[in-house]
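Working notes, structure below.
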Amino acid sequence: MYYSIRHVTHFRYGANVYESVIEARMQPRSESTQRCYSFNLAVQPRARVYLYRDSLANTVHYFDIPEVHRELAITAEALVDLDPVPIPDRLDEEDWKLLNPDRMPADAFEMLLPSRFARSSPALEELADKIGAHRRGDPLSLLKELNQAMYGAFQYKAKTTRVDSPIEDALISQEGVCQDFAHIFITLLRGMKIPARYVSGYLYHRREDKDRSSDGATHAWVEAWLPGPGWVGFDPTNNLLATERHIRTAVGRDYADVPPTRGVFKGEASTKLTVSVAVSPSEVLPPERDLIPESISEEAGTPRRSDRQPEQQQQQ
């Protein structure tokens with residue numbers, strides 16, 4: 001399936017600002033059954049855009065706008081081909097023995113450790129006991145069960161948490177958005193010594209789907225490393241396995257590693273952030289030679305200190 005994606009981020013400032021510096025993680029990844037054929041990032045006011053690959057192979061675009069401005073718009077457009085991900089019905093119960101740090105690849109081992117938004121707490125441990133988040137059965141069947149249990153334990157409700165909310169806020173209120181549910185699920189899995197990572201991206205909504213979330217924003221879900229299939233995606237917001245509708249842009253330990261935009265500016269001004277996302281099937285079939293290459297040369301940037309740009313919470 002080919003998808004066309006348009007992601008617009010608009011900052012409006014209450015006063016003049018200058019020396020804005022922005023990083024964007026908006027380019028879909030090319031890996032496994034997903035291929036990004038084209039990507040364009042447009043900035044207004046105009047700026048020269050550079051890019052590099054971070055330690056987790058996410059493509060990061062960055063730019064700065066030194067002159068005075070009152071608005072900043074970032075428009076990302078992409079064409080992606082996504083095939084269904086082959087996932088077995090179950091694994092063997094003996095596969096728990098393979099979920100040993102000594103037998104994991106390096107990128108999986110790193111995802112066993114606590115991170116900024118994925119740390120255990122008494123409320124998290126209470127949830128783990130309630131839904132039976134401990135090793136039993138076979139690993140894949142258990143994770144499918146826990147994904148469904150997460151879906152039943154929380155209500156999806158936009159604007160009940162913030163971009164920097166700890167997981168306790170959603171655990172106590174039993175409501176939140178995909179960012180909260182992803183962090184909770186990651187923490188549960190790491191507590192069982194299962195490598196788990198945060199995935200930022202987009203979800204294509206079909207009319208016949210019963211998704212709890214709606215169009216118009218980015219999405220977040222979880223990938224767990226399992227012996228055999230490797231990284232398998234779970235979407236606790238919608239009780240789904242991440243297959244042909246989940247488009248990956250970045251992976252990390254949690255949201256702190258992968259915000260769609262992050263930046264700073266100089267000046268004293270209030271900021272209003274608006275985001276719109278459109279994902280639609282595309283009939284454009286690009287030639288194979290147009291595939292964006294896996295290898296990208298790195299260009300170093302110069303960090304600057306000033307006020308932070310607001311980050312966009314992942315609401316879908």
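Remember, it's a predicted structure, so these values are computed and weren't measured experimentally.
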Ignoring hydrogens and angles, write down the donor-acceptor pairs under 3.5 Å from the side chains of residues 223-236, residues two or more places apart or on other chains.
{"unit_1": "E223", "atom_1": "OE1", "unit_2": "R197", "atom_2": "NE", "d": "2.8"}
{"unit_1": "E223", "atom_1": "OE1", "unit_2": "R197", "atom_2": "NH2", "d": "2.8"}
{"unit_1": "W231", "atom_1": "NE1", "unit_2": "D107", "atom_2": "OD2", "d": "3.2"}
{"unit_1": "D235", "atom_1": "OD1", "unit_2": "H219", "atom_2": "NE2", "d": "3.4"}
{"unit_1": "D235", "atom_1": "OD1", "unit_2": "T237", "atom_2": "N", "d": "3.1"}
{"unit_1": "D235", "atom_1": "OD1", "unit_2": "N238", "atom_2": "N", "d": "3.4"}
{"unit_1": "D235", "atom_1": "OD2", "unit_2": "H219", "atom_2": "NE2", "d": "2.8"}
{"unit_1": "D235", "atom_1": "OD2", "unit_2": "N238", "atom_2": "ND2", "d": "3.1"}
{"unit_1": "D235", "atom_1": "OD2", "unit_2": "H246", "atom_2": "NE2", "d": "2.9"}

All side chain to side chain contact (heavy atoms under 4.5 Å, CB included) counterparts of [X], not counting sequence neighbours:
| X | answer |
| --- | --- |
| E93 | R90, D138 |
| V49 | L41, V43, H61, F63 |
| S280 | S4 |
| R206 | Y204, E208, D209, E244, R245 |

Margin query: Suppose we screen for side chain to side chain donor-acceptor pair (under 3.5 Å). Which residues come up paired with E71, at least two apart in sequence or across chains?
Written below: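 With sequence neighbours excluded, E71 shows a side chain to side chain donor-acceptor pair (under 3.5 Å) to H10, given in chain and number order.
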
Residues at least two apart in sequence or cross-chain that pass side chain to side chain donor-acceptor pair (under 3.5 Å) with R119, listed by chain then number, are none

Taking all non-hydrogen atoms of both residues, which atom of [X] and which atom of [Y] are closest, and how far apart?
| X | Y | value |
| --- | --- | --- |
| F185 | L146 | CE1-CB, 3.8 Å |
| Y198 | A220 | OH-CB, 3.2 Å |
| I184 | A170 | CD1-CB, 4.1 Å |
| P28 | I247 | CB-CG2, 4.3 Å |

Kindly determine whether K144 and L241 satisfy side-chain contact (heavy atoms from CB on, under 4.5 Å), including the steps that lead there. CA-CA 8 Å; K144 291 179 180 178; L241 292 178; 4.0 Å; yes

Check: For F117, which residues count as a ring pair (Phe, Tyr, Trp, His ring centres under 6.0 Å) partner, sequence neighbours excluded?
Finding: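 If we apply the ring pair (Phe, Tyr, Trp, His ring centres under 6.0 Å) test to F117, skipping adjacent residues, the hits are H183.
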
Ring pair (Phe, Tyr, Trp, His ring centres under 6.0 Å) filter on Y13, not counting sequence neighbours, yields H69, F265

Between Y151 and F181, is the ring centre distance below 6.0 Å?
-> no

Item to complete: Give me the one residue out of R53, R25, R29 that meets side chain to side chain donor-acceptor pair (under 3.5 Å) with N58.
Response: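 Single side chain to side chain donor-acceptor pair (under 3.5 Å) partner of N58 among R53, R25, R29: R29.
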
Heavy-atom check, side chain of L143 versus side chain of I194, under 4.5 Å:
yes

When the side chains of residues 73-86 are checked against the rest of the protein, which donor-acceptor pairs come out under 3.5 Å, sequence neighbours left out?
{"unit_1": "E77", "atom_1": "OE2", "unit_2": "R6", "atom_2": "NH1", "d": "2.6"}
{"unit_1": "D81", "atom_1": "OD2", "unit_2": "R35", "atom_2": "NE", "d": "3.4"}
{"unit_1": "D81", "atom_1": "OD2", "unit_2": "R35", "atom_2": "NH2", "d": "2.6"}
{"unit_1": "D83", "atom_1": "OD2", "unit_2": "R35", "atom_2": "NH2", "d": "2.8"}

**Asked** For the residue pair Y202 and H7, does the interplanar ring angle fall in the parallel (under 30°), tilted (30 to 60°) or perpendicular (over 60°) class?
**Response**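 Rings of Y202 and H7: perpendicular, over 60°.
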
Side-chain donor or acceptor of [X] paired with backbone N/O of [Y] under 3.5 Å:
| X | Y | value |
| --- | --- | --- |
| S173 | E175 | yes |
| D257 | R253 | yes |
| R190 | A196 | yes |

Starting from the C-alpha separation in whole Å, work towards a yes-or-no answer on side-chain contact (heavy atoms from CB on, under 4.5 Å) for V163 and Q179.
CA-CA 8 Å; V163 68; Q179 180 175 316; 4.3 Å; yes

Side-chain donor-acceptor pair present, D169, T161, cut-off under 3.5 Å = no

Flag the pair R136 and E145 as a salt bridge only when some basic side-chain nitrogen lies within less than 4.0 angstrom of an acidic carboxylate oxygen.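 Counted as a salt bridge, because a side-chain N and a carboxylate O are separated by less than 4.0 Å.
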
Would you give me the side-chain donor-acceptor pairs under 3.5 Å for residues 120-134, sequence neighbours excluded?
{"unit_1": "S121", "atom_1": "OG", "unit_2": "L124", "atom_2": "N", "d": "3.2"}
{"unit_1": "S121", "atom_1": "OG", "unit_2": "E168", "atom_2": "OE2", "d": "2.9"}

Distance, nearest 0.5 Å, that separates CZ of F11 from CD1 of I22 =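 Result: 4.5 Å between the selected atoms.
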
**Asked** So does R262 have more than 12 non-hydrogen atoms from other groups sitting under 6.0 Å from CZ?
**Response**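 Enclosed: over 12 neighbouring heavy atoms sit under 6.0 Å from CZ of R262.
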
Cut-off 3.5 Å, no hydrogens considered: what does the side-chain donor-acceptor table look like for residues 97-106, sequence neighbours left out?
{"unit_1": "K97", "atom_1": "NZ", "unit_2": "E94", "atom_2": "OE1", "d": "2.8"}
{"unit_1": "N100", "atom_1": "OD1", "unit_2": "D102", "atom_2": "N", "d": "2.8"}

